[in-house]
There are 2 protein chains.
Amino acid sequence: MAYLQPLSFTEENYLKAIYSLSERAESFDTSTNEIALKTNTKPPTVSDMLRKLADKKLVTYEKYKRVQLTKSGRQVAIQVIRKHRLWEVFLHDKLEFTWDKVHEVAEQLEHIRSEELISRLEKFLGYPTNDPHGDPIPSANGELTQAKRIILSDVGEGKVCYVVGVKDSTSPFLQYLQQLNIGIGTKIKLIERIAYDGSLTISMRKGQQISVSKKFADNVLVTV
Amino acid sequence: MAYLQPLSFTEENYLKAIYSLSERAESFDTSTNEIALKTNTKPPTVSDMLRKLADKKLVTYEKYKRVQLTKSGRQVAIQVIRKHRLWEVFLHDKLEFTWDKVHEVAEQLEHIRSEELISRLEKFLGYPTNDPHGDPIPSANGELTQAKRIILSDVGEGKVCYVVGVKDSTSPFLQYLQQLNIGIGTKIKLIERIAYDGSLTISMRKGQQISVSKKFADNVLVTV
DNA sequence: AACAAAAGTTAGATTAACCTAACATTTATT
DNA sequence: AATAAATGTTAGGTTAATCTAACTTTTGTT
């Protein structure tokens with residue numbers, strides 16, 4: 001559970017990668033090649049690292065088999081994600097970075113080592129529950145409460161929902177969102193669904209109605 | 001002037017160490033052993049690093065001779081110091097870290113690479129000119145303007161001054177300051193100097209008068 | 001079931017940052 | 001000026017993280 005030696009940035013990054021690859025629908029493990037892809041390294045490098053992480057009891061791993069995080073490995077990964085997301089909130093809310101630029105800087109900040117820093121930062125930010133992309137922020141003890149999120153396309157006609165995130169986080173999409181003045185927390189009412197092409201008529205704020213494509217609505221995450 | 005490859009954390013730390021060792025009264029250079037001392041390494045490690053930094057034109061260095069920063073080496077060092085001090089202000093002013101704990105965390109934060117981050121942070125903090133220890137914050141273009149600072153002991157009777165920093169930054173001293181409720185910006189009026197032992201009677205805020213020793217007053221930096 | 005393709009590992013090198021032990025140079029002192 | 005002390009460098013080794021090339025195991029397909 002506790003790990004004596006602090007982990008290197010590199011080790012933290014591998015654990016984070018393994019976490020995100022493992023926590024997908026219906027898979028609790030991942031593979032050497034997938035990790036290599038995600039971390040921009042080559043498979044042999046990953047093999048070495050997996051042996052090392054297994055020695056430290058952070059992953060369960062046997063040659064030629066798929067990898068899984070142990071309980072402590074998962075805790076480390078979640079703490080890194082917690083730090084990443086809190087820094088993203090800071091960059092977005094306080095420093096006014098745009099959505100599409102917070103990630104890169106947070107990638108660096110997430111490795112700063114100081115419990116006190118993170119708890120003070122969290123307090124300073126007002127104990128946020130979601131990052132600027134709508135992803136939930138794990139609590140200090142590693143709990144991750146995920147509100148039920150659906151895509152905007154699946155909201156019923158006449159229903160009201162709140163934007164909590166996006167599925168696509170590429171720049172063009174994020175920029176379009178900004179143009180439409182849609183962000184985290186935006187309240188949206190679904191006026192009408194056009195059967196022909198799945199496009200939606202929605203209204204926001206002062207009743208201004210706009211039309212958005214199905215492709216767009218598939219990439220906006222909301223809670224009802 | 002421009003350096004193509006970004007420098008490693010380690011290289012930045014050596015440059016910072018060389019800078020602080022070089023910028024002391026009457027010396028514009030430093031030595032292998034001093035650097036080893038400052039960076040907690042051994043002299044051979046420093047020798048290697050100096051050769052490397054010399055190749056990158058960040059220091060002027062010849063075997064067995066003393067080292068000096070080049071113009072671009074100095075610029076790099078100053079930018080690191082700028083980042084360090086801005087982060088210290090953030091930690092102290094926004095996250096309410098105590099004086100004595102900001103340094104350690106800032107040592108890590110100072111290496112985060114992002115021009116935009118630093119300029120936004122600076123703006124967010126209100127373009128501070130000094131860090132929580134009173135040291136001046138270099139401007140984005142590397143200028144360091146040092147307001148005239150004198151020790152509290154040298155303030156004339158009846159004169160008013162403002163605390164801008166400390167000479168001693170060990171914990172016991174900083175804690176004593178906190179106890180007296182003296183910090184950066186505190187307005188102090190010097191009431192009386194006792195000739196016998198050099199101790200001072202000062203008043204702050206609502207006229208509460210206290211007495212402090214010469215030793216104490218020698219370590220408080222102020223501007224009049 | 002055979003075998004090719006895909007996935008994964010081992011072997012052997014490389015680079016950065018460090019070390020100790022041994023050697024070289026500079027400096028300070030008699 | 002000779003020599004001891006201090007300072008600095010070289011040589012050779014270590015560890016972490018990476019790579020390519022060659023090999024092995026697993027998987028998927030005819």
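Only a predicted model underlies this, so the values are computations on that prediction, with no experimental measurement involved. Chain A is the first sequence line, chain B the second, and so forth, proteins listed ahead of strands; every chain is numbered from 1.
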Atom-pair distance ([atom1] on [X]; [atom2] on [N]), nearest Å:
X       : N      : atom1 : atom2 : result
B/Glu11 : C/dC18 : CD    : P     : 10 Å
B/Asn13 : C/dA16 : CG    : C1'   : 14 Å
A/Ile35 : C/dG8  : CD1   : P     : 9 Å
A/Asp55 : D/dA16 : CG    : P     : 11 Å
B/Arg51 : C/dA16 : CZ    : P     : 12 Å
A/Met49 : C/dG8  : CE    : P     : 17 Å
A/Lys42 : D/dA22 : NZ    : C1'   : 16 Å
B/Leu50 : D/dT10 : CG    : P     : 11 Å

Side-chain N,O ([X]) to OP1/OP2 ([N]) below 4.0 Å:
X       : N      : result
A/Ser47 : C/dT9  : yes
A/Lys65 : C/dA7  : no
A/Ser31 : C/dA7  : no
A/Tyr64 : C/dT10 : no
A/Lys63 : C/dT10 : yes
B/Ser8  : C/dA16 : no

Counting only side-chain heavy atoms from C-beta out, which of [options] sits nearest to [X]?
X       : options                : result
B/Tyr14 : C/dT9, C/dC18, C/dT20  : C/dC18
A/Asp48 : D/dC19, C/dC19, C/dC18 : D/dC19
B/Thr41 : C/dC18, D/dT18, C/dT9  : C/dC18

Have B/Asp131 and B/His92 got a donor and an acceptor in their side chains that come within less than 3.5 Å?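 No.
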
| query | Just checking, is any N or O donor in the side chain of B/Thr170 or B/Asp168 under 3.5 Å from an acceptor N or O on the other one? | reply |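 The answer is yes; a qualifying pair exists.
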
Q) Considering heavy-atom distances to DNA chain D, does A/Pro43 or B/Arg66 have its closest nucleotide positioned more toward the 5' end? A)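 Taking each residue's closest nucleotide, the earlier one in sequence belongs to B/Arg66.
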
With sugar-phosphate meaning primed atoms plus P, OP1 and OP2, does A/Thr32 contact a base, only sugar-phosphate, or nothing at under 4.0 Å between heavy atoms?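 If one applies the 4.0 Å heavy-atom cut-off, A/Thr32 turns out to touch the sugar-phosphate alone, with no base involved.
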
- For A/Phe9, report the nucleic acid contact type (base, sugar-phosphate, nothing); a contact means any heavy atom under 4.0 Å.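 If one applies the 4.0 Å heavy-atom cut-off, A/Phe9 turns out to touch nothing in the nucleic acid.
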
task = Measure the OH-OG1 distance between A/Tyr61 and A/Thr32 for me, rounded to the nearest 0.5 Å.
result =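 OG1 of A/Thr32 is found 5.0 Å from OH of A/Tyr61.
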
Nearest 0.5 angstrom please: A/Ile137 CD1 to A/His84 NE2, how far?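 Between A/Ile137 CD1 and A/His84 NE2, I get 10.5 Å after rounding to 0.5 Å.
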
- Message: Regarding A/Arg51 and A/Asp48, does a basic nitrogen lie under 4.0 Å from an acidic carboxylate oxygen?
- Response: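 So A/Arg51 pairs with A/Asp48 through a salt bridge.
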
